[in-house]
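Comments concern the structure below.
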Amino acid sequence: MLSISNIILMILIVMVHKTIPDHIYGPGLKPKEIVMPARYFFVNITSIVGRKYSPDLYNEFAVEIEGTSAKQSYCRIWVNKLNRRDGTFIVRYKVYDTCNDLSISLYYKSKHISGSPFTIMGPIQPDPCHCPEQNFDTWLKQYGCPKTYDKVTHSLKLHNQVNMKTKLRKIIDRFHKPESVSFCHYVVKDNEVYRNCYGKHVGFNMFSDNILLFLARKVILPDMELVINLGDWPLVRKDTEPLPIFSWCGADDTVDIIMPTYDITESTVENMGRVTLDTLSVQGNIERDWSEREPKAVWRGRDSRIERLKLVDISRANPDLFNVSLTNFFFFRDQEQKYGPKQPHISFFKFFDYKYQVNVDGTVAAYRLPYLLAGGGMVLKQNSPYFEHFYELLQPWKHYVPVARDLSDLTKRLKWALANDNEARKIAENARIFANNNLLPQHIICYHAVLFSEWSKRLESKVTVEDGMTHVPQTQFACDCKATELHEDHKEL
Ligand SMILES: *[C@@H]1O[C@H](CO)[C@@H](O)[C@H](O)[C@H]1NC(C)=O
Ligand SMILES: *[C@@H]1O[C@H](CO)[C@@H](O)[C@H](O)[C@H]1NC(C)=O
């Protein structure tokens, strides 16, 4: 039987789907299904108002997001608009309470743009809510995740019918070197997270804890166990037994299972929170259009690799082409006289006062690459045996300009860019498109979810919580999950 309220709800759902135009898009328009710390969507304002981009558009565009809450009359929401300076704005918002519904109003010159306000029925949960969806595949689809990634399949191909009990013993035998290696054995059982860590420096387990807890709040995770390496260096050399260890950075001569780095993962789960640099914010905190940027290559960083010192040499020989400084001496303290004095840090957003950004490895891959790609500059990337989970998809000369490992052709490459401004600009644009297609918070969450679920399917041994494992609890947060169930009933129609 259709009740009046169900009919109204169906009409509303139809209205919402009909009225959100194509040039407004992104996961933040499905806040019920896609729970994130900061929801986001894009507004292609130039195509909506039929004007070319100019900076005053930003002030003429306004956003209001409101909702009702079960607890009080309104729900608390923080809205943030970001100007990409290309005619598309990013709207981000953080929801602090369970909202019954949301109303998104978009204004141009104080008038609603066509179709606005957009009404979305909830419940819309804040990220800390522990209201997991029961069915993993349903959740994956709702969240807008692909079923799998080639890279995931590829990185797990050495691991089938894994007896984790045997593997774990071997991992401990081979890698338990407390001074130099730290890792954690995680068990996820009945959607609760447990771990045992090995090594002296296990502080980074907060990052692996965070992503596992984050996912477990959204969906019932399959039971599984895995070993996560807390160091930057991958561990499993190619010429040894391929033990299953999850790492943040890969290398050509290793076979670790690569997951997104703790850096980009943290910027995802702490978006509009503790972390301010992420692949969204970096698109909106840039003050100059391409043509206004200085035609120089910029770099800042610490002395964690010899080529970084070499970069200083190159820059000193070509001061009209580079703005490069070391910000810290640790690895080559004895060279501080020559390569110092160390310079203060500059805001990452300031890198984009320049057209070109240099990416040189640190101890391993430089984890800043996602933000450089999103920032809208042209990246000069040092060739490297190290890689992150997405590097395989990057193409030289399309998304970045490759530079020899020893930087011997860096100046030549930079001169090419200076002489071919249109091509350089195109590479910068492609890089940003790449970041928007692969490196936004939704992509990082999906990648982890798919990777962990694919991994769980390869485990043959029974997943059990060993005596003495540490339980990693969810942070307590008062939440109204029941509202979700109520709405599920409606959807059955
Ligand atoms: C905005 O939409 C127009 C028309 O569809 C398109 O040509 C343009 O590339 C879009 N802008 C961005 C930044 O995606
Ligand atoms: C290099 O960059 C810094 C930070 O943007 C700036 O303050 C400084 O003036 C620049 N140096 C030169 C020589 O352009």
Side-chain angles (χ1 to χ4, degrees), residues 20-29 40-55 57-58 60-61 81-92 106 108 113-115 277 279-280 282-302 308 311-328 339-358 368 371-377 380 399 411 414 418 422 425-440:
I20 297 184
D22 285 351
H23 25 262
I24 304 171
Y25 53 92
L29 298 170
Y40 57 90
F41 60 89
F42 298 85
V43 180
N44 183 330
I45 193 72
T46 44
S47 78
I48 291 171
V49 304
R51 256 180 65 186
K52 271 188 75 164
Y53 173 75
S54 65
L57 268 178
Y58 184 63
E60 290 164 358
F61 171 74
K81 61 175 188 167
L82 295 167
N83 186 3
R84 292 207 315 197
R85 308 182 73 89
D86 62 359
T88 299
F89 299 138
I90 301 171
V91 176
R92 287 198 292 184
L106 305 178
Y108 171 61
I113 66 170
S114 158
L277 174 64
T279 47
L280 292 165
V282 76
Q283 300 187 51
N285 285 289
I286 287 164
E287 290 172 355
R288 299 183 190 182
D289 292 337
W290 179 265
S291 59
E292 297 162 358
R293 298 187 192 186
E294 275 197 56
K296 280 187 176 183
V298 68
W299 184 85
R300 292 290 183 281
R302 58 184 190 145
R308 291 183 165 200
L311 180 59
V312 173
D313 286 330
I314 295 171
S315 149
R316 285 182 180 167
N318 302 277
D320 50 328
L321 298 179
F322 292 89
N323 186 327
V324 162
S325 303
L326 286 159
T327 52
N328 222 339
Y339 291 98
K342 64 177 186 187
Q343 296 296 314
H345 287 269
I346 59 173
S347 150
F348 198 85
F349 304 132
K350 278 272 165 212
F351 285 6
F352 304 98
D353 285 353
Y354 299 85
K355 282 187 177 174
Y356 321 108
Q357 289 77 35
V358 187
R368 71 181 74 180
Y371 317 115
L372 292 182
L373 294 170
L380 291 148
H399 303 112
T411 310
L414 181 53
L418 285 160
N422 282 336
R425 182 186 188 143
K426 187 71 197 146
I427 292 171
E429 284 169 6
N430 289 341
R432 176 173 276 183
I433 292 168
F434 179 91
N436 280 312
N437 288 334
N438 297 285
L439 300 173
L440 298 186

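Start at 1 with the first residue, then count along the sequence. Being a predicted model, the structure only gives us computed values, none of them experimental. In listed order, ligands and their atoms are each counted from 1.
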Donor on one side chain, acceptor on other, E294 and N323, under 3.5 Å: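 Distance-only check fails for E294 and N323.
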Going by heavy-atom distance to atom 14 (O) of ligand 2, choose the closest among R300, K350, K296, Q343. K296
Taking atom 13 (C) of ligand 1 as the point of reference, which of T88, V43, D22, I433 owns the nearest heavy atom? T88
F349: partners by ring pair (Phe, Tyr, Trp, His ring centres under 6.0 Å), with sequence neighbours left out: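 Partners of F349 by the ring pair (Phe, Tyr, Trp, His ring centres under 6.0 Å) criterion come out as none, since no residue qualifies.
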Residue, atom name and distance, where the atom is the protein heavy atom closest to [atom]:
atom: atom 6 (C) of ligand 1; result: N44 ND2, 4.1 Å
atom: atom 4 (C) of ligand 1; result: S47 CB, 3.9 Å
atom: atom 5 (O) of ligand 2; result: Y354 OH, 3.5 Å

Give the atom numbers and elements of ligand 1 that come within less than 4.0 Å of a heavy atom of R84. 13 (C)
With sequence neighbours left out, what residues match R92 under side-chain hydrogen bond (donor to acceptor under 3.5 Å, both in side chains)?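 Listed in chain order: N80, N271, D278.
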Fit a plane to each ring of F42 and Y40, take the angle between them on a 0 to 90° scale, and name the class: parallel (under 30°), tilted (30 to 60°) or perpendicular (over 60°).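 Because their plane-to-plane angle is over 60°, the rings of F42 and Y40 count as perpendicular.
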Between L373 and N438, is any pair of side-chain heavy atoms under 4.5 Å apart?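 No; the side chains remain at least 4.5 Å from each other.
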Atoms of ligand 2 less than 4.0 Å from N323 heavy atoms?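 Going through ligand 2 atom by atom, the ones under 4.0 Å from N323 are 1 (C), 2 (O), 3 (C), 8 (C), 10 (C), 11 (N), 12 (C), 14 (O).
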Side chain to side chain contact (heavy atoms under 4.5 Å, CB included), paired with R84, selected from I45, I286, N436: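 Looking at I45, I286, N436, the match for R84 under the side chain to side chain contact (heavy atoms under 4.5 Å, CB included) is N436.
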Contact bool for atom 2 (O) of ligand 2 (protein heavy atom, d < 4.0 Å): yes
Under the 4.0 Å line, does any protein heavy atom show up next to atom 11 (N) of ligand 1?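 Within 4.0 Å: yes, protein heavy atom nearby.
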Purely on distance, is any nitrogen or oxygen of T46 under 3.5 Å from one on ligand 1?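 Looking only at distances, the answer is no, because the N/O contact criterion of under 3.5 Å is not met.
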Is it true that, when you exclude D22 itself, more than 12 heavy atoms of the residues, nucleotides or ligands shown sit nearer than 6.0 Å to its CG?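 For D22, atom CG is not crowded (no more than 12 foreign heavy atoms under 6.0 Å).
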